[in-house]
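To keep things clear, I will list the structure first and then write my remarks on it.
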There are 2 protein chains.
Amino acid sequence: MKDVAKKAGVSVNTVSRVLNNRGYISDKTRKKVEGAIEELNYIPNQVARNLYKNKTNLIGLVIPDISHPFFSKIAKFLEKDLYLKDYKMILCNATENSEKEKEYLTMLQENKVDGIIIGSHTLETEFYTKIRSPIVALDRYLSDSIPVISSNHAQGGRLAAEKLIESGCKNVLQVVGSRKVDTPSNERHVEFEKMMKENGIKCNSVELEWNKFNFSDYESVSKYILEEYPDVDGIFSVDLVASSIIKYAQKKNIQIPEELKVVGYDGTDISQIVNPSITTIRQPFELISSSSVDILDRLIKKEKGIPLKNIFDVQLIEGETTL
Amino acid sequence: MKDVAKKAGVSVNTVSRVLNNRGYISDKTRKKVEGAIEELNYIPNQVARNLYKNKTNLIGLVIPDISHPFFSKIAKFLEKDLYLKDYKMILCNATENSEKEKEYLTMLQENKVDGIIIGSHTLETEFYTKIRSPIVALDRYLSDSIPVISSNHAQGGRLAAEKLIESGCKNVLQVVGSRKVDTPSNERHVEFEKMMKENGIKCNSVELEWNKFNFSDYESVSKYILEEYPDVDGIFSVDLVASSIIKYAQKKNIQIPEELKVVGYDGTDISQIVNPSITTIRQPFELISSSSVDILDRLIKKEKGIPLKNIFDVQLIEGETTL
DNA sequence: TTGAAAGCGCTAACAA
DNA sequence: TTGTTAGCGCTTTCAA
């Protein structure tokens with residue numbers, strides 16, 4: 001910048017003004033400065049600006065696994081929505097590792113990110129509340145002061161239950177995440193079970209280990225389910241597990257949907273890719289993402305009256321795994 | 001930091017020393033400073049450090065689509081390898097948008113990232129060579145001064161061809177990306193076609209639109225292929241397209257692998273998720289990622305003799321879509 | 001309409 | 001072993 005100023009024969013102040021289009025500048029001076037910028041191929045140093053303004057336009061996204069279709073889809077939309085508001089995303093893949101998550105959260109604060117979107121959850125509540133940066137939670141209850149954005153899991157549970165009931169199931173099973181972790185997603189399983197009970201339908205639950213995102217884990221769960229519950233005629237689980245169950249059922253020559261109905265949750269591309277395509281409860285990725293960014297942006301701008309619970313309706317996508 | 005210094009009754013310099021474990025410090029002073037840090041819940045400002053050191057430990061990852069299984073898998077490994085070297089990743093999803101890619105590249109330079117990993121490719125070579133930051137290319141030839149890291153596509157093409165030949169195919173078809181863009185991946189199609197010619201096997205190629213990553217696009221391609229080339233008995237394409245072809249073939253009651261053999265490319269989870277699982281050429285994600293980070297790191301450290309071509313062997317994963 | 005100077009929070013010579 | 005000071009590249013007040 002000094003070089004530009006020298007070349008143009010003006011002060012750094014003037015250069016700054018040209019760059020930021022601020023204050024009075026004569027056309028002649030502007031031209032001179034712009035010429036010098038061009039000639040020197042000058043690139044403004046955003047780090048210096050960030051230091052002065054104490055604002056970086058960086059947002060940290062902390063998730064368990066970017067290679068999981070749900071998170072990669074959410075990340076895609078978040079990136080788009082952040083970009084539109086001129087934020088950049090630091091991707092923090094916490095894996096299933098609380099140490100890494102902690103280090104990332106510390107790093108994000110040291111790097112003065114403007115805000116944090118967190119879809120991970122391996123630490124104690126206390127750790128999240130101690131964070132001074134604006135923060136929103138994706139599908140996780142971190143504390144009662146941190147806004148949460150999620151799909152309407154209760155509605156999803158009901159839609160799934162309805163569909164399986166409608167399809168004539170008499171003995172269903174749902175695959176649930178660990179009940180030990182308090183997430184909105186538990187609500188869909190509560191609702192699902194409730195509706196089944198109300199309709200006098202047998203309903204088993206199989207618990208999946210928390211934060212296990214591995215296809216071979218799904219395979220063993222699928223095997224376990226179909227061996228241990230041979231009479232089950234309807235299953236409700238996230239798309240990825242559903243796809244694995246379907247595959248295993250096909251190997252065992254169980255007809256889908258005739259003998260076994262399946263309803264997925266998430267609405268990732270997986271549900272369309274497999275054959276038969278999965279009837280699934282699609283999470284509103286677009287709304288979850290845009291709302292997350294919007295809420296976070298308002299938090300950053302210190303607005304008041306920001307809603308703490310932001311729940312968005314899901315949609316049942318008719319596939320070929322139900323009648 | 002000033003507050004910490006005041007509280008501890010020392011100079012900011014001393015605080016800096018404690019933080020960085022540098023120079024001589026008496027145990028007593030250190031304790032005092034650490035106490036003050038603790039008490040004030042002080043978090044060092046990395047932005048100020050970055051400004052002084054002219055180093056941010058940030059790396060930009062520019063890709064076309066994070067929700068594509070190939071890129072989300074690569075991103076996962078890259079994040080892990082970068083984290084191990086204390087780099088943070090800024091995720092830049094360029095979509096199919098050259099304007100966005102350009103803006104991102106400018107932004108990354110303004111933000112003084114230490115380096116850029118680029119798996120996108122919508123701009124003219126000139127634009128990439130103008131970038132002063134260290135830069136490596138994933139599976140793209142950007143210029144002859146930018147190191148490229150990719151899988152051994154030629155070998156992959158040969159392995160795929162061998163497999164289909166071995167399985168008895170007489171009339172094969174491969175789905176290729178746009179030939180207009182100069183990427184290493186073209187090499188696998190050249191090799192594939194060559195081997196087929198050498199063995200007197202009919203070989204068609206269908207060109208896929210560049211940078212189209214949408215399952216419904218794949219569906220129309222699948223439909224087109226199976227309608228227009230009803231006699232084809234072997235297909236070679238990326239996993240995602242392969243999965244779509246398989247699904248469509250199943251709808252038409254074409255037996256796989258008896259009537260139609262399929263070999264995929266990539267080795268994403270998709271190949272395991274679908275039924276039958278796809279025989280696929282797995283790209284060495286781990287090596288591509290660790291090599292990219294290693295090369296970039298050496299570029300950042302201004303080492304000499306950094307290899308420009310870094311090609312890693314692929315592996316054929318036997319699935320159920322070939323004999 | 002422009003320039004001089006202070007300061008964002010930190011590090012690193014140099015001095016004490 | 002510790003403090004003083006300059007400066008990283010920029011923005012902004014204040015004065016000219």
Side-chain angles (χ1 to χ4, degrees), chain A residues 1-37 40-58 86 88 106-114 132-133 300, chain B residues 1-37 40-58 86 88 106-114 132-133 300:
Chain A
M1 181 151 155
K2 247 192 292 190
D3 299 342
V4 173
K6 196 182 286 173
K7 181 129 218 155
V10 298
S11 74
V12 287
N13 179 347
T14 309
V15 177
S16 169
R17 277 160 137 133
V18 172
L19 286 171
N20 297 288
N21 253 319
R22 189 178 22 74
Y24 302 107
I25 287 175
S26 71
D27 259 15
K28 213 175 68 191
T29 322
R30 162 170 283 127
K31 288 270 178 307
K32 269 196 302 189
V33 173
E34 280 168 351
I37 288 175
L40 294 174
N41 211 334
Y42 164 76
I43 297 173
N45 184 330
Q46 195 65 43
V47 178
R49 286 180 179 165
N50 291 347
L51 176 60
Y52 186 88
K53 301 205 162 176
N54 200 25
K55 173 143 179 42
T56 57
N57 276 32
L58 285 169
D86 211 33
K88 300 131 236 169
T106 305
M107 180 280 279
L108 290 173
Q109 293 178 81
E110 289 182 351
N111 279 274
K112 296 277 167 198
V113 295
D114 289 351
R132 266 118 53 172
S133 323
I300 291 169
Chain B
M1 182 154 153
K2 247 192 292 189
D3 298 342
V4 173
K6 196 181 288 172
K7 181 129 219 157
V10 298
S11 74
V12 287
N13 180 347
T14 309
V15 178
S16 169
R17 277 160 136 131
V18 171
L19 286 171
N20 297 288
N21 253 319
R22 190 177 22 75
Y24 303 105
I25 286 176
S26 73
D27 259 15
K28 213 176 68 192
T29 320
R30 163 170 282 128
K31 288 271 177 307
K32 268 195 304 187
V33 173
E34 280 168 352
I37 288 175
L40 294 174
N41 212 334
Y42 164 76
I43 296 172
N45 184 329
Q46 195 64 44
V47 177
R49 287 180 178 164
N50 292 347
L51 176 60
Y52 185 88
K53 300 205 164 176
N54 200 24
K55 175 148 177 37
T56 57
N57 276 32
L58 285 169
D86 210 33
K88 300 132 238 169
T106 305
M107 179 279 281
L108 290 174
Q109 292 178 83
E110 289 182 351
N111 279 273
K112 295 277 167 199
V113 295
D114 290 352
R132 266 117 54 172
S133 322
I300 290 168

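Numbered from 1 within each chain, the chains take letters A, B, ... in sequence-line order. Because the structure is predicted, anything quoted here is derived from the model rather than measured.
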If you check every side-chain atom of [X], which of [options] has the closest atom?
X	options	result
Tyr24(B)	dT12(D), dC10(D), dT2(D)	dT2(D)
Pro44(B)	dT4(D), dC10(C), dT2(C)	dC10(C)
Asn45(A)	dC10(D), dT4(D), dG3(C)	dC10(D)

Starting at [atom1] of [X], measure out to [atom2] of [Y] and round the result to the nearest 0.5 Å.
X	Y	atom1	atom2	answer
Met1(B)	Ile43(B)	CE	CD1	15.0 Å
Ser16(A)	Arg22(A)	OG	CZ	4.5 Å
Asp27(B)	Lys32(B)	CG	NZ	12.5 Å
Ser133(A)	Leu58(A)	OG	CG	11.5 Å

Check: Would one find a side-chain N or O of Thr14(A) under 4.0 angstrom from OP1 or OP2 of dG3(C)?
Finding: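 Yes, such a contact exists.
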Next item on the list: Would you please confirm or rule out a distance under 4.0 Å between OP1 or OP2 of dT2(D) and any side-chain N or O of Ser26(B)?
Entry: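 For dT2(D), OP1/OP2 do have a side-chain N/O of Ser26(B) under 4.0 Å.
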Margin query: Need one value for Val10(B): base, sugar-phosphate or nothing, where a base atom within 4.0 Å counts as base even if backbone is also close, heavy atoms only.
Written below: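 Sugar-phosphate contact only.
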Next item on the list: Name the nucleic acid region contacted by Ser16(A), choosing base, sugar-phosphate or nothing; use a 4.0 angstrom heavy-atom cut-off, strictly under.
Entry: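 Base contact.
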Next item on the list: Would you kindly compare Val12(A) and Ile25(A) by the position of their nearest DNA chain C nucleotide and give the one closer to the 5′ end?
Entry: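 On the 5' side of the pair lies Ile25(A).
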Check: Arg49(B) versus Leu19(B): any side-chain heavy-atom pair under 4.5 Å?
Finding: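 They are in side-chain contact.
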Note to self: Would you say that Thr106(A) contacts Glu110(A) through its side chain, given a criterion of any heavy-atom pair below 4.5 Å between the two side chains?
What the structure shows: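 They are in side-chain contact.
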Next item on the list: For side-chain contact (heavy atoms from CB on, under 4.5 Å), just list the numbers for Asn21(A) and Arg30(A), CA-CA rounded to whole Å, side-chain angles, deciding distance to a tenth of an Å, and then say yes or no.
Entry: CA-CA 10 Å; Asn21(A) 253 319; Arg30(A) 162 170 283 127; 3.0 Å; yes
Strictly under 3.5 Å: I want the nitrogen or oxygen pairs between protein and nucleotides 13-16 of chain C, one per line.
| unit_1 | atom_1 | unit_2 | atom_2 | d |
| --- | --- | --- | --- | --- |
| dA13(C) | N6 | Asn13(B) | ND2 | 2.9 |

Spacing of [X] atom [atom1] relative to [N] atom [atom2], expressed in whole Å:
X	N	atom1	atom2	answer
Asn21(A)	dT2(C)	CG	C1'	16 Å
Lys31(B)	dT1(D)	NZ	P	14 Å
Ile43(A)	dG9(D)	CD1	P	14 Å
Lys112(A)	dC8(C)	NZ	C1'	11 Å
Asp3(B)	dC8(C)	CG	P	11 Å
Arg22(B)	dT2(D)	CZ	P	13 Å
Tyr42(A)	dG9(D)	OH	P	10 Å
Lys2(A)	dA4(C)	NZ	C1'	14 Å

Next item on the list: Could you tell me, to 10°, how much the axis swings from one end of the helix from dT1(C)-dA16(D) to dA16(C)-dT1(D) to the other, five pairs per end?
Entry: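 The two end axes of the helix from dT1(C)-dA16(D) to dA16(C)-dT1(D) meet at 40°.
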Next item on the list: Would you kindly compare Asp27(B) and Ala48(B) by the position of their nearest DNA chain D nucleotide and give the one closer to the 5′ end?
Entry: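 Its nucleotide being nearer the 5' end, the pick is Asp27(B).
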Next item on the list: Could you list by number each residue of residues 49-58 of chain B showing a heavy-atom separation from DNA chain C of less than 4.0 Å, or answer none if no residue does?
Entry: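 Heavy-atom cutoff 4.0 Å gives Arg49(B), Tyr52(B).
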Next item on the list: Could you tell me whether a side-chain N or O of Thr56(A) sits under 3.5 Å from a main-chain N or O of Asn50(A), the two making a donor and an acceptor?
Entry: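 Absent.
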Next item on the list: Please answer whether the main-chain N or O of Val47(A) pairs with a side-chain N or O of Asn45(A) as donor and acceptor at a distance below 3.5 Å.
Entry: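 Checked: pair present.
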Item checked: Exceeds 12 heavy-atom contacts within 6.0 angstrom, atom NZ of Lys6(B) ->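 Atom NZ in Lys6(B) is not crowded, with 12 or fewer foreign heavy atoms closer than 6.0 Å.
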Checklist line | Closest contact, heavy atoms only, Asp86(B) versus Asn57(B) | finding: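 Smallest interatomic distance, heavy atoms only, reads O-ND2, 2.8 Å.
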Next item on the list: Run through Lys55(B), Lys53(B), Arg132(B) and flag the one making a salt bridge (charged side-chain N to carboxylate O under 4.0 Å, His left out) with Asp114(B).
Entry: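 The residue from Lys55(B), Lys53(B), Arg132(B) that satisfies salt bridge (charged side-chain N to carboxylate O under 4.0 Å, His left out) with Asp114(B) turns out to be Lys55(B).
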